[in-house]
Amino acid sequence: MTDSKHLYLVDGSGYIFRAYHALPPMTRKDGTPVNAVYGFSNMLLKLLKDVNEGEAPTHFAVIFDAARKSFRNDIYDAYKAHRPPAPDDLVPQFALIREATNAFNVPAIEMEGYEADDIIATFATRARAEGWKVTIVSSDKDLMQLVSNDVSLFDSMKNRRIGAKEVHDKFGVIPEKVIDVQALCGDSVDNVPGVPGIGPKTAAQLIADYGDLETLLARAGEIKQPKRRENLLAHAYDARMSKKLVTLHCDVPLEDWTLDKLAVCSMEPEKLLAFADDNGFKALRARVVSHLGDGIPGTSLQEAETTEIKATNYSIVDQMADLERWIARIRDTGIVAVDTETTSLDPMRAELVGISLSVKAGEACYIPLRHRKSDGLDFGTDTLRQLPVKDALSALKPILEDPAILKVGQNIKYDMAIFANEGIRVHPIDDTMLISYVRDCGLHGHGMDELSELHLGITPTPFKDVAGTGKKQITFDLVPIEKAAHYAAEDADITGRLYRLLKPRLAEAGLLSVYERLERPLVPVLVDMERAGIKVDRAELSRLSAEFAEGMARLETEIHELAGESFNIASPAQLGHILFDKMDLKGGKKGKTGAWSTSADVLDKLAAEGHTLPEKVLSWRQLSKLKSTYSDALGKAINEKTGRVHTSFSMAITSTGRLSSTDPNLQNIPIRTPEGRRIRRAFVADTGNLLIAADYSQIELRILAHIADIDALKDAFAKGMDIHALTASQVFGVPMENMDPATRRRAKAINFGIIYGISAFGLARQLDIGRDEAKAYIDAYFERFPGIRTYMERTKEQAHETGHVTTLFGRRSHVSDINAKNPNLRAFAERAAINAPIQGTAADIIKRAMIRMPQALLDAGLPDIRMLLQVHDELIFEAPKDQVEAAIPVIRRVMEQATAPVLDLAVPLLVDVGTGENWDDAH
DNA sequence: GTGTTCACG
DNA sequence: GACGTACGTGAACACC
């Protein structure tokens, strides 16, 4: 019987990535950055130690990527194209990491033109042929295709082994078929195209049904769903190419590296210690001594240095004594990561269920408060073990409100609202979501799961794993406490880790002031606004709904009569068929999916030609929109307890720095048509109050005049001139007096176009004129205002060079496709780059005004005035009638002076203020 | 889940 | 000369 051999292959690049992002920047005495080297060394030492306690390897190697380019770029040049280049302070560490590997007496292997995964595949295949066992240390899903009876993956971070079963759980197919699935669904991270419209679920189903990719492509014509069939037929080439991209090469020419050269050599303490000393790794030295010195893996390692890779320790706090101990620890450290668990995403309807806290990486607790048994019999002897809510909250309140203790959260606005419901005003705070947003706006989302994956390499337990999904989903109070505790504690733990990682990087990038002066102080202001809500007249909304329904029914009958058949007017496909196939109207155009467009501008043109049916469809659509999106939906959004509507403002969604509003969206309430304004009239002031609407006049054009430094525009704003009329007179050479409204309208469109990064096509479409005519307008505009063109060119250049643009207050907006090869994508990005500093500066300005507003109103002796809504350039207030007149000048002053003292704008800001019983009248 | 349409700034 | 676009959002609905 031969000794069984076991080969371990470590995905070195994955280790580097995790090490780099898990540790704050560190430098050696000579200034060389070494955080990744240090993290990597620790991880490798831990791995070597751990595996020797379990299934000891006989052979061992660490595999690296040689360079960014591989043979895959010859197949498809966009492969991994939008991977950002390695950060500057990581580049010099690559060589050191190979040195580190060698210091452990472990071979470091790489090969020009191939990725680490291909080398791993090659060794794994060879070892299998010899009857060895293979363990690949990585969690990269691209390696899952290699799994078999003898080959498994090991995720050393989660201490989890991935075999054929786990692969099947993830991909829905056996490991051999993983590449077929990946070929279909593609991979946006690596830029593997796949087939459009097919995601992992569909791909797995198709491969399960047809056996493999080639059979599927050959029989694609049989697919029932037309869209899917077309896509499969049209993108067969992409699918085959994608398969080539994801298929790992198992014949990388590694002649020099025979398997026996990977045989394990024992570590040489001198060599390893010399490496540790060269790099100033004192803690590593200590660990090596403890590990190799007496041969027994130590338990007394220096904790502080190993927290990032240490196993987690989550506990349940259901005794006051335990809670007191946690509170004492928090007082000691002065900082705590907090997360709340509740019964709803809407803080105005949510009930607090439990609280989790963390003060150091890997350690967190969960305080269950209002869990119950699913049968509702949560009394008697069967009571769940949890602290009385009142006792726990009174113990925590001093901590949460203590000005010397920093509370860190992920989207802490939500938790603050929840605590506010319990009479606790959380302060001071920091927010990892906002830190990420300020740093990486435009690069990726800022949800916790995404940040955790990205920066820590940890996939948090999905919410659906504890609460279920769909019809069977339960509220968090019904989740068993043990399960809830792990989920909740993990969230607080991850929030803390993200905070320690990301907060220091804010200062490096010079973005600290944006975070500290623009985002963080806005959080409590938004909490108050959301909690205040706005009163909506429910009866009025139902009247409108009934009226709209009646109008729709009448129009529907007429439309069906005109069409000669009954069809679903709301279906663009059916409507397109009626208009352009059955009635054979001209002027139809097909979109990129090949469907007839039935958009308003198409129907408008048809109506203008005298066709009655499209005209009636337009009216029907308007009523349908108003009913379903507004009169019906807003009624349902009225909170039963407050009788008001409470939106949620998202602070980390937009790429420009604007807020957005959801559930419901109160930033798109109709105003442009009389019917629409009736919706707006249902937004009313409470009894004895009035609404005040204050909006910045032409703020974006004013900012443009300042940024591009256009004397003529600055002058016009200083004199209070009609800016669109001025543009009209300049571009069309007509006098300002007695301006023809149609000419002014064209000029207004040009002005908006400029802000949007104008194109002849866009302007032509907007004004419904020819491309040549639009081009002539634009040329004339730039002729008159050459500084605007200079600004645009300068901004694009900056975006191309740095990948981002900035606002006047230093906010950064990353422009992701700015250097794309696809000219269309690039042009899109360039327009976004031109727009972002203007839109973003306006957003910064109104945020500054909002932050100062509460104090300014207090200082003016007006404590009863509530700020309710923000709509990008407008603020809505509710004020007792007798205080309205006093409030107006305060509001106006704060808004108009919002750039001071940081920025002295070269144009005045002007704010229009109106008041009324309802939002429409306040305009 | 994706695409279309349309409400807002 | 072709590409196929005005910037930024969110919600409802149809259709897979």
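Chain A is the first sequence line, chain B the second, and so forth, proteins listed ahead of strands; every chain is numbered from 1.
Ion pairing between A:Glu797 and A:Arg794 fails under the 4.0 Å rule for side-chain N and carboxylate O.
The gap from the P atom of C:dT5 to that of B:dG3 amounts to 13 Å, rounded to the nearest Å. Straight-line distance between the P atoms of C:dG4 and B:dT4: roughly 14 Å, to the nearest whole Å. Annotation: C:dC3 and B:dT5 have their C1' atoms spaced 25 Å apart (nearest Å).
Annotation: cation-pi geometry satisfied between A:Arg746 and A:Phe732 (NZ/CZ under 6.0 angstrom from ring centroid, within 45° of ring axis).
A:Ser624 comes within contact range of no nucleotide atom at all, as no heavy-atom separation falls under 4.0 Å. Nucleic acid contact for A:Ile838: none, since no nucleic acid atom lies under 4.0 Å from a heavy atom of the residue. Counting non-hydrogen atoms under 4.0 angstrom, A:Gly753 reaches a base of the nucleic acid. At the heavy-atom level, A:Glu874 lies nowhere under 4.0 Å from the strands shown. If you check every strand for non-hydrogen atoms under 4.0 Å, A:Asn822 touches nothing. Using a 4.0 Å heavy-atom criterion, one finds that A:Ser759 contacts the bases of the nucleic acid, with or without backbone contacts as well. Across all strands, A:Ala827 comes closer than 4.0 Å to no nucleic acid atom at all (heavy-atom distances).
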Report task. Test A:Arg811 against A:Glu519 for salt bridge (Lys or Arg N to Asp or Glu O under 4.0 Å), laying out the working first. Result -> CA-CA 10 Å; A:Arg811 176 190 301 283; A:Glu519 299 297 337; 2.6 Å; yes

**Report entry** Residue pair A:Glu896, A:Arg702: steps toward the salt bridge (Lys or Arg N to Asp or Glu O under 4.0 Å) verdict
**Finding:** CA-CA 12 Å; A:Glu896 290 185 346; A:Arg702 287 170 199 264; over 6 Å; no

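Checking the phosphate oxygens (OP1, OP2) of C:dA14, a side-chain nitrogen or oxygen of A:Asn568 falls inside 4.0 Å. Put simply, A:Ser571 has a side-chain N or O that comes within less than 4.0 Å of OP1 or OP2 on C:dC15. Residue A:Gln839 places none of its side-chain N or O atoms closer than 4.0 Å to OP1 or OP2 of C:dT9. Contact check, A:Thr202 against B:dG1: no side-chain N or O comes under 4.0 Å of OP1 or OP2. For A:Arg831, a side-chain nitrogen or oxygen approaches OP1 or OP2 of C:dC7 to under 4.0 Å. Contact annotation: A:Arg621 does not reach the phosphate of B:dT5 (side-chain N/O to OP1 or OP2, under 4.0 Å).
Between A:Thr654 and A:Tyr437, the shortest heavy-atom distance links the atoms O-OH, 2.9 Å.
Here A:Phe785 pairs with A:Tyr781 under the ring-ring contact (aromatic ring centres under 6.0 Å, His included) rule; sequence neighbours left out.
Using a distance-only test at 3.5 Å, with no hydrogens or angles considered, no donor-acceptor pair links the side chain of A:Arg228 to the main chain of A:Ile198.
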Requested in this report: Could you summarise the pairing of DNA chain C as dot-bracket text, marking Watson-Crick and G-U pairs under 3.5 Å with ( ) or [ ] inside the strand and | across strands?
Outcome: ......|||||||||.

